[in-house]
Amino acid sequence: MVAITNMVDYAVEDGVAVLTLNNPPVNALSHGVRAGLLQGVEKAQQDQAVSAILIYCEGRTFIAGADITEFSSGMKEPGLHQVLTAIDNSAKPTVAAIHGTALGGGLETALSCNYRVAVSTVKCGLPEVNLGILPGAGGTQRLPRVVGVEKALQMITTGVPIGAVEAHQLGLVDALVEGDLRAEALAFAKQKAAEGGEHPRVRDREDKLQPARDNPEIFAMARQMIAKRARGFLAPEYNIRCVEAAVNQPFDEGLNTEGKLFMELMSGPQARSQQHFFFAEREASKIAGIGKEVAERPINKVGVIGAGLMGGGIAMNMANVGIPVTIVETKQEALDRGLGVIRKNYENTAKKGRLSPEQVEQRCGLIQGSLALDDLADCDLIIEAVFENMAVKKQIFTNLDKLAKPGAILASNTSALDLNDIAAVTSRPEDVIGLHFFSPANVMKLLEVVRGDKTADDVIKTGMSFAKRIKKVAVLVGVCFGFVGNRILFSRQYQSDKLALEGANYARVDKLLYDFGFPMGPFQMADLAGLDIGWLKETSKPDLFVKDRLCEMGELGQKTGSGYYDYDEKRRPVPRQQTTDFYLETSKALGVEQRDISDEEILDRLLLSMINEGAKVLDEGIAQRASDIDVVYVYGYGWPVYRGGPMHYANSLGLDKVLEKIRHYHQLTGDDFWAPSPYLVKLAEQGESFK
Ligand code: T1G
């Protein structure tokens, strides 16, 4: 065995040149891998003792794609194209031995081989669209030639990988092995060499392209699909164009088309944003200052207090990953209603074919109802999910402090209240943490893990990894009103109300944020969440706030059929003249002069208010890093991922421009709401960006 580079070894066994890649953690196609593969293939061509070539990876996975960290720094020669062309032109049969994941450039490498052998747990896919790009090393030209155009379009425009069995059925994988992959793949290579003759090259296949030539409608349908689910994204359309080139152009011309479209995307802001987000999501799971030596607490049994909308959704997350959960309510009727909603949700999922009836029963079986808090005494984690009332929450934590076993983690799902105050009623504040789920809790990926002043390191670490276990993306946040997500949202909602008071039509404000890429604007979002969240009759100010006036009229949004908007039988929003009139009356009562406000100013004030508040959140250490705020906003509040998140967006504008605009609105409105964050001022003046 000789090392060709620090990442690729070359060895000849039974006449097979085995190129072994070793580039942890995911054998990305870094420069050392590319150079090693190229030299290895070239060496094998010359090596008389070699009759076949096997590409095998050490570690937990086959090649998981190009090295994304090289994108911003520029890729050194040899490029991936050069490497794959060498493999494709090999005079000796080439075999890829696949385990773990074959993704992006990894699958493209395997597709440039004559044969692919895989273990039965492998996942194969081209997820480049999730990075705002496309498979730029022949994937859009080779995959349709193997799996057919329709399947390739689905795989490439969604980025969702397929499993081994389906890959084998489609001919993407030639053989599935159960035993020792390296040994079986080596035997496979030897056999192919012994068989001699021509070895199949994917580039030469045309059979799977013909159906699309006969029925170009396939592309129109693919465009309809992406129109619905990928509004605003550029990459899906570019991917379709590449597959069209595969169908309508000779292979090498198709490769050129793919290369051109790849570079167009790669050099654009969406790709930068989505690649930023790839790393932001992974960075979010890291906890500064808490090392590997801190052991996590075991969680094998969970208790949930409250079987309402949030409690029910939270319990489902546990059952979905096989954790037994007891859900406690105060009244039988409320408990039955809560358990009924859970079963209904599972049955609806089964109706869509995403769960089997057995799975529905298995999951419902893991969720036990109870009317006694004492039934939670042996739980490792107890999550309180009752309505937002400090007195009620303090009473519950006082009781939990008495009945929960030593070492149990006591968590609150509060979305805004002071966790330190809640923890202070217990004798074990170090065991108290916030687990802020987002509604619907069984669907939304985001989980704000709230560290209190006294929360112990092992509790924080356990909270963060437990989130991953229940398939959530966790972001660690500190205690302040609204934590990270809601605090920044309050700023935007405040601005949207101000804009409407100053003369901007509320439906237009919503449309501008929708066109920016959010699923809906601030007024529609408030109607969806319910206008009565945080509203109390006792403190209501209908003369000052249109929202309070609507609440007093019992118009609470979608759930009552009207709020800022009226909602038709399909729950579609219909703008109300009355809301506009309410804003006019309120602005008159407040002496606010209404004026024409430009689209630019509206969008600026909605987005810059979030950025300025984000800077304050960072300055106060409520968030560990700027990219965490981006993760919160993309996964929790519908910020379009192809714009990276509010802090990345600010960096893309340039903090000097951001500060200049914020100062402009400070002056224009005279509202100290617009006083720029000192942290933002400091960074802008130093020519820096949010890190
Ligand atoms: N490049 C660089 N680093 C990568 C990487 C990659 N492709 N994939 C993962 N990492 C790092 C990641 O940042 C993390 O680092 C660690 O590996 C573990 O990852 C021409 C141009 C493979 C399914 O899009 O989907 O090929 O945080 O935490 O949950 O067509 O990683 O520990 O420092 O995600 O077990 C296409 C991306 C590239 C696949 C494993 N490929 N990776 O998931 O671990 S574009 C992808 C993943 C391309 C060509 C084009 C997942 C995974 P750290 P992890 P995981």
Side-chain angles (χ1 to χ4, degrees), residues 7 21 23-34 37 57 59-75 78-85 87 98-112 121-143 152 155-156 158-163 235 238-239 242-243 255 258-268 271-272 274-288 292 445 464-465 467-469 471-474 624-625 627-628 631 641:
M7 296 176 181
L21 279 54
N23 181 23
V26 295
N27 285 308
L29 288 155
S30 314
H31 178 255
V33 171
R34 296 194 308 275
L37 272 175
C57 291
R60 64 181 167 131
T61 180
F62 187 74
I63 303 166
D67 185 339
I68 307 169
T69 62
E70 288 184 352
F71 290 179
S72 48
S73 53
M75 289 198 190
L80 191 49
H81 261 300
Q82 188 183 354
V83 177
L84 302 195
T85 304
I87 296 172
I98 308 174
H99 70 293
T101 56
L103 299 175
L107 184 57
E108 290 173 305
T109 302
L111 280 165
S112 65
T121 51
V122 80
K123 287 241 179 269
C124 299
L126 295 176
E128 284 85 344
V129 73
N130 300 329
L131 297 169
I133 53 177
L134 54 86
T140 67
Q141 305 305 302
R142 289 192 171 93
L143 187 67
M155 289 176 69
I156 291 174
T158 64
V160 178
I162 61 174
Y238 274 58
N239 277 274
C242 290
V243 180
L255 268 189
E258 178 194 89
K260 262 205 295 323
L261 294 174
F262 176 83
M263 286 319 294
E264 266 182 48
L265 285 175
M266 189 61 127
S267 56
R272 275 194 297 282
Q274 289 176 258
Q275 287 152 27
H276 154 78
F277 195 76
F278 175 85
F279 291 113
E281 185 175 349
R282 283 151 183 81
E283 206 58 25
S285 63
K286 298 171 183 153
I287 315 165
K292 289 194 172 45
K445 279 186 86 170
M464 293 292 280
S465 75
K468 203 165 187 176
R469 188 170 153 202
K471 313 261 183 273
K472 299 296 183 190
V473 174
Q624 292 191 93
R625 52 187 82 85
S627 60
D628 283 5
V631 173
V641 69

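Atoms within a ligand are numbered from 1 in the order they appear, just like the ligands themselves. Quick caveat, the model's predicted, so the values are computed rather than measured.
For atom 4 (C) of ligand 1, the nearest protein heavy atom (residue, atom name, distance) is V26 CG2, 3.9 Å. Of the protein's heavy atoms, R60 NH2, 3.4 Å lies nearest to atom 18 (C) of ligand 1. Scanning the protein heavy atoms around atom 1 (N) of ligand 1, the nearest turns out to be I68 N, 2.9 Å. The protein non-hydrogen atom at the shortest distance from atom 12 (C) of ligand 1 is R282 CD, 3.6 Å. Among all non-hydrogen protein atoms, the one lying nearest atom 52 (C) of ligand 1 is L103 CD1, 4.5 Å. Regarding atom 7 (N) of ligand 1, its nearest protein heavy-atom neighbour is A66 O, 2.9 Å. Nearest protein neighbour of atom 29 (O) of ligand 1, counting heavy atoms only, is K468 NZ, 4.7 Å.
Here K286 pairs with E283 under the side-chain hydrogen bond (donor to acceptor under 3.5 Å, both in side chains) rule; sequence neighbours left out. With sequence neighbours excluded, the residues forming a side-chain hydrogen bond (donor to acceptor under 3.5 Å, both in side chains) with S30 are N23, D67, listed by chain and number.
When all heavy atoms are compared, the tightest approach of T61 to V26 is CG2-CA, 3.5 Å. When all heavy atoms are compared, the tightest approach of A271 to G132 is CB-O, 3.8 Å. Residues G139 and I156 come closest through the heavy atom pair O-CD1, 4.4 Å. Minimum heavy-atom separation, V33 to A28: CG2-O, 3.4 Å.
No side-chain heavy atom of V129 sits less than 4.5 Å from a side-chain heavy atom of Q274. Taking 4.5 Å as the limit, every side-chain heavy atom of L126 sits out of range of all side-chain heavy atoms of M155. E128 is not listed as a side-chain neighbour of N239, based on a closest heavy-atom distance of 4.5 Å or more.
Not a single N or O atom of L80, backbone or side chain, sits closer than 3.5 Å to an N or O atom of ligand 1. Considering both main-chain and side-chain atoms, P127 never comes within under 3.5 Å of ligand 1 through any nitrogen or oxygen pair.
Interface of L131 with ligand 1, defined as ligand atoms under 4.0 Å from a residue heavy atom, comprises 24 (O), 38 (C), 45 (S). Ligand-side atoms of ligand 1 in range of E108: 20 (C), 30 (O), 49 (C), range being under 4.0 angstrom from any heavy atom. Those atoms of ligand 1 with a heavy atom of F278 less than 4.0 angstrom away are 8 (N), 9 (C), 13 (O), 37 (C), 42 (N). Listed by atom number, the atoms of ligand 1 under 4.0 Å from F71 heavy atoms are 21 (C), 45 (S). Per-residue contacts place D67 under 4.0 angstrom from the following atoms of ligand 1 (heavy atoms of the residue considered): 1 (N), 2 (C). Near P135, meaning under 4.0 Å from any of its heavy atoms, are these atoms of ligand 1: 30 (O). Short contacts between ligand 1 and G136, defined as distances under 4.0 Å to a heavy atom of the residue, involve ligand atoms 20 (C), 30 (O). Which parts of ligand 1 touch F279 is read off a 4.0 Å heavy-atom cut-off, strictly below it: atoms 13 (O).
One option in E128, E258, K286 has a heavy atom closer to atom 32 (O) of ligand 1 than any other, and that option is K286. Between the choices A64, P25, G65, the shortest heavy-atom distance to atom 46 (C) of ligand 1 belongs to A64.
Remark: side-chain polar atoms of T101 are not paired, donor with acceptor, to backbone N or O of L103 under 3.5 angstrom. Distance alone, capped at 3.5 Å, is enough to place a donor-acceptor pair between the R282 side chain and the F278 backbone. Using modelled atom types, one side-chain atom of E70 and one backbone atom of H31 make a donor-acceptor pair closer than 3.5 Å. Looking only at distances, no side-chain donor or acceptor of H99 sits under 3.5 Å from a matching main-chain atom of T121.
The presence of a protein heavy atom under 4.0 Å from atom 27 (O) of ligand 1 is confirmed. Under the 4.0 Å distance rule, the nearest protein heavy atom to atom 15 (O) of ligand 1 falls outside the cut-off.
Under 4.0 angstrom from ligand 1, there are no non-hydrogen atoms of M75. Neither the backbone nor the side chain of L29 comes within 4.0 Å of ligand 1, counting heavy atoms alone.
Remark: distances from the non-hydrogen atoms of K123 to ligand 1 are all 4.0 Å or more.
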Inset, instruction - Just do the side chain to side chain contact (heavy atoms under 4.5 Å, CB included) check on F262 and T140 with the steps written out, would you? - result: CA-CA 11 Å; F262 176 83; T140 67; over 6 Å; no
